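Here the structure comes first, spelled out in structure tokens, and everything after it is commentary.
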Amino acid sequence: MDLCRPSGYGFAMKKDDHLFLIDGSGFIFRAFHALPPLTRKSDGLPVGAVSGFCNMLWKLLTQARDTSVGVTPTHLAVIFDYSSKTFRKEIYPDYKAHRPPPPEDLVPQFALIREATRAFNLPCIEMEGYEADDIIATYARMAVEAGGDATIISSDKDLMQLVGPKVHMYDGMKDRQIGVPEVIEKWGVPPEKMIDLQALTGDSVDNVPGVPGIGPKTAATLLEEFGDLDNLLANAESIKQNKRRENIIASRDLVLVSRQLVTLKQDCPVDVPLDALSLEPQDGPKLVSFLKAMEFNSLTRRVAEATGAEAQAIEAAPVDVEWGADAHGPDLDPGEGKAPAAVTAPGATDGKRPADLAAARAARFASLPINRDNYETIRDLTALEGWIETARERGLVAFDTETTSLDAMQAELVGFSLALYDEDAADDGAVIRAAYVPLTHKAGQDDLLGGGLAEGQIPFDAALAALKGLLEDEAVMKIAQNLKYDYLVMLRHGITVKNFDDTMLLSYVLDSGMGGHGMDALSEKWLGHQPIPYKEVAGSGRNMVTFDYVDIDRATAYAAEDADVTLRLWLVLKPRLAAERVMTVYERLERPLLPVLARMEERGISVDRQILSRLSGELAQKAAALEDEIYELAGEKFNIGSPKQLGDILFGKMGLPGGKKTKSGQWSTAVQVLDDLAAEGLPLPSRIVDWRQMTKLKSTYTDALPGYIHPQTKRVHTSYSLASTTTGRLSSSEPNLQNIPVRTAEGRKIRTAFIANPGHKLLSADYSQIELRVLAHVADIPQLRQAFADGIDIHAMTASEMFGVPVEGMPGDVRRRAKAINFGIIYGISAFGLSNQLGIERSEASDYIKRYFERFPGIRDYMEATKERARDVGYVETIFGRKIHYPEIKSSNHQVRSFNERAAINAPIQGSAADIIRRAMTRIEPALGEAGFAERAKMLLQVHDELIFEVEDDAVDKTRAVIVDIMENAAMPAVSMAVPLKVDARAAHNWDEAH
DNA sequence: CCCCAACCGTA
DNA sequence: GTACGGTTGGGGG
């Protein structure tokens, strides 16, 4: 049983209190069929039933006292069906057997209506094994016993048996009360005889049998005559009509079963007490936020007025359309909601369902020409204000910034572009209007004296103030491509973009694995259009100029086109989210992370120049000493850094054994090869390996990192990419802070240069074995689950299972092999790979794998099932529903196919782990804020399974507790993991000691 | 000036 | 055997 409301227990129910029980499930179906179909304007998400539900709730909560019901609720709950597996199925297996699956357009609304209930700050109650009607019956009884009244908001005849002096019904859609007289009027019997009546008539919808030929009228007459069902059955012989008498006698047993089926259970073991249902005050902002996300404009306005909430200032809530594991509507198998919706062929333009809208949009924009001649240059404030006003009316605008640098932390704003959409424009060319607003273009081309500003540009501060109003307006959806960049640039100007979508992230969520998500690729793919290449505007190489030196007319063509293309991409991609069931992935795992990452990048991390400089010196000395030795041993000088020259020396000139060739026919000089030679006792290869390590550390880290220290902030600001891996991981660049050395002592010294500010510590929190835990969960392996539950060394356990060696006193090499196998499994193991990793024969590696699968058959089953699924549908999924496509999984080329199979096996594991830490990252800042540590603990870096924070000394212990808690529970409530997640966290002055 | 291969750092 | 990004050398234009 689930009470999805955070508030605690309310006031005890007492005499004269009034409990309202809303039949949520009944309402959904009725509203869906009774109300005209309604879809969310921006993306076609079906929301008709949600709209009806919200309007009904609002009406109940505000107007109940005056008119419709005549009473004011003191307690209220919304009750839902949980699943079709109820006790009635056990009594009668055919119960509800013929019920068709819910309509496609209704499925997403189940979750939304629960979300709506929470937004209204009302408890929503559901219980496994019981229907909503039984829970309603139970609470109604409890309310009456407590001395109060109950009103059931429903018009379902199945509930009418409950009506009595203290229990009422109210039809929220017809605004009509149903009391004892109304029941008699409609059915011809009083409420207490409804059970008998239903048992006689049966119910074709629920597949309750009943007596053939007896409908409500006859049943009522019979009950009138015989008093009740038992008496009727006992005296059935006395019925005059032949056919009727025979039927009743023949159906006797089934009628008794029917009576059991239609009798509501008034003693469900509810574990949410009545008192917890007391009506709480509305949370205006929360409700407005939800309604806004649903785009119910008039209700949003009414609610904002009534609650005094500032609608303008409230952000639309991320909408919780759980298509994934935690979605459950009545009779909805959890997997059912995730099935790919067929995108209907272009031409299907009824425009009602998301798939139709998506198909229609794709077809339309694939051939809608882009005319750069229509772009405007906005050169005065009045014109800009006009565009912004129109953007507010439309509630939708694409924007893009033009700057002097690709580095958002260094970039200076040069101008920005806007694009507007007019769905109803008469002329196809006017459907989208785009404009560029130049701000700081220089007067001269690039001559030394051309320092002045070009004419005809709005003063920077005035334009930015106007732009701020637009970007921070919650009521206007802002659309951009790779928004994190623009977000950060605007953040540096004191502007926080609110209510946005990012076309790059849309594409990433929809088409991961199907190619890049950059604007040029997307434009080509969806619009059949090639945007002006940047280098044609700003030049390239030595001739390249920063954007402020680009001629304003050329800049307009380029910049306005970017906004234009972005808007078109949004129109094509956004409806696909709902159609292809990845709305939740986008709204929960992608979009909310964007501002989090922007803030992390803005904060940067302190790096100690002195330490790096000293390390550079040390490394240079060590490398120089090794160089001398190497030349001595080789007998000549050569470029050690050139694999070609090195290979020729080692395997050509010196004729060392064990040479392997690379793809291109060169001698391989990879560590593997050199290590093998070193093991033979040869000094040269070993020196070369050491030299490589020293020069690698020097060039990639100690020499390069200081160059990334920002001139103003004095910190290093990496850039995270949200959309450059197929699996959902982030990547880091310029500099890459996700590959700072840790494995060797020499390398770890580099980490000592990453330090906390005075009075602070660096706190590192990392997931322990997260990928193996995910594997244990998804493949459901009993031994793995047990080992993680018991906190046992997982590699030792594997070794013990495989080789029959006891965990106590296990030789290191045995454990090492098991560890390699465990990693191999995650990587989609092959005998070839494992033999390479362990330096053993292929046949031996094959034996290991065979033995592993014998001990863990569930893993083999998981791998086979994953491959098969990838072949069938073309993609695999993480536990949160992120899809990763493998278009080449059926390649006839064995190499290509095998590679895709291994990647497909790895992706759900790596990707689920990535999703988990994403969830943690979006929750940690709010959690720290609630704990009062927002200003004292800052998240700085993410390294796949590790988060690094900078924390005030005094706040370390408390923030660590908050962070560990959020991280360990990050999968909940969407996924309840079968194994616990474990997080280790330490704080120290530098990253080496904290890790 | 651009691109690729080889190598190697991380999870 | 999975997923990345950065540096270097070297070939081509």
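Computed from a predicted model, the values in this text were never measured in an experiment. Lettering of chains follows the sequences in order, A, B, ..., and the numbering in each one begins at 1.
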Determine the contact category for [X]: base if any of its heavy atoms lies under 4.0 Å from a base atom, sugar-phosphate if only primed atoms, P, OP1 or OP2 are that close, otherwise nothing.
X	result
F899(A)	sugar-phosphate
E946(A)	nothing
S724(A)	sugar-phosphate
R542(A)	sugar-phosphate
E771(A)	nothing
A904(A)	nothing
G828(A)	nothing
S721(A)	nothing
S830(A)	base
A914(A)	nothing
I826(A)	nothing
I740(A)	sugar-phosphate
R729(A)	base

Hunt down any stem DNA chain B takes part in, defined as 3 or more consecutive Watson-Crick or G-U pairs whose two distances are each under 3.5 Å.
B:1-11 with C:2-12
How long is the line joining [atom1] of [X] and [atom2] of [N], in whole Å?
X	N	atom1	atom2	value
I750(A)	dG6(C)	CD1	C1'	13 Å
Q910(A)	dC4(C)	CD	P	7 Å
D703(A)	dT8(C)	CG	P	9 Å
R902(A)	dA3(C)	CZ	P	9 Å
Q693(A)	dT8(C)	CD	C1'	17 Å
L775(A)	dA3(C)	CG	P	17 Å
N736(A)	dG5(C)	CG	C1'	5 Å
L722(A)	dC4(C)	CG	C1'	15 Å

Distance test, side-chain N/O of S732(A) to OP1/OP2 of dC4(C), below 4.0 Å:
no
Does dG5(C) have OP1 or OP2 sitting under 4.0 Å from an N or O in the side chain of S731(A)?
yes
Between [X] and [Y], does at least one N-O distance fall below 4.0 Å, as a salt bridge requires?
X	Y	result
E993(A)	R748(A)	no
E636(A)	K653(A)	yes
E877(A)	R869(A)	yes

With a cut-off of under 6.0 Å to the ring centre and 45° to the axis, is K660(A) in cation-pi contact with W667(A)?
no
Taking only the side-chain heavy atoms of [X] (C-beta and beyond), determine which of [options] contains the nearest atom.
X	options	value
T725(A)	dC4(C), dT2(C), dG6(C)	dC4(C)
S699(A)	dG5(C), dT8(C), dT2(C)	dT8(C)
N739(A)	dC4(C), dG10(C), dG5(C)	dG5(C)

Is it true that S768(A) and D984(A) share a donor-acceptor pair across their side chains at a distance under 3.5 Å?
no
Answer yes if the side chains of T662(A) and S668(A) hold a donor-acceptor pair under 3.5 Å, and no otherwise.
no
Heavy atoms of other groups near K622(A) NZ, more than 12 under 6.0 Å:
yes
Less than 6.0 Å separating the ring centroids of Y852(A) and F856(A)?
yes
Are Y886(A) and F899(A) an aromatic pair by the rule of ring centers under 6.0 Å?
no
For DNA chain B, which nucleotides open and close the run of contacts to chain A, 5' to 3', at under 4.0 angstrom from a non-hydrogen atom?
dC1(B) to dA11(B)
Quick one: list whatever passes side chain to side chain contact (heavy atoms under 4.5 Å, CB included) with K850(A), sequence neighbours left out.
E854(A)
Nearest-nucleotide wise, let me know which of T727(A) and P735(A) is further upstream toward the 5' end of DNA chain C.
T727(A)
Going by the angle between their ring planes, with limits at 30° and 60°, are H717(A) and H710(A) parallel, tilted or perpendicular?
perpendicular
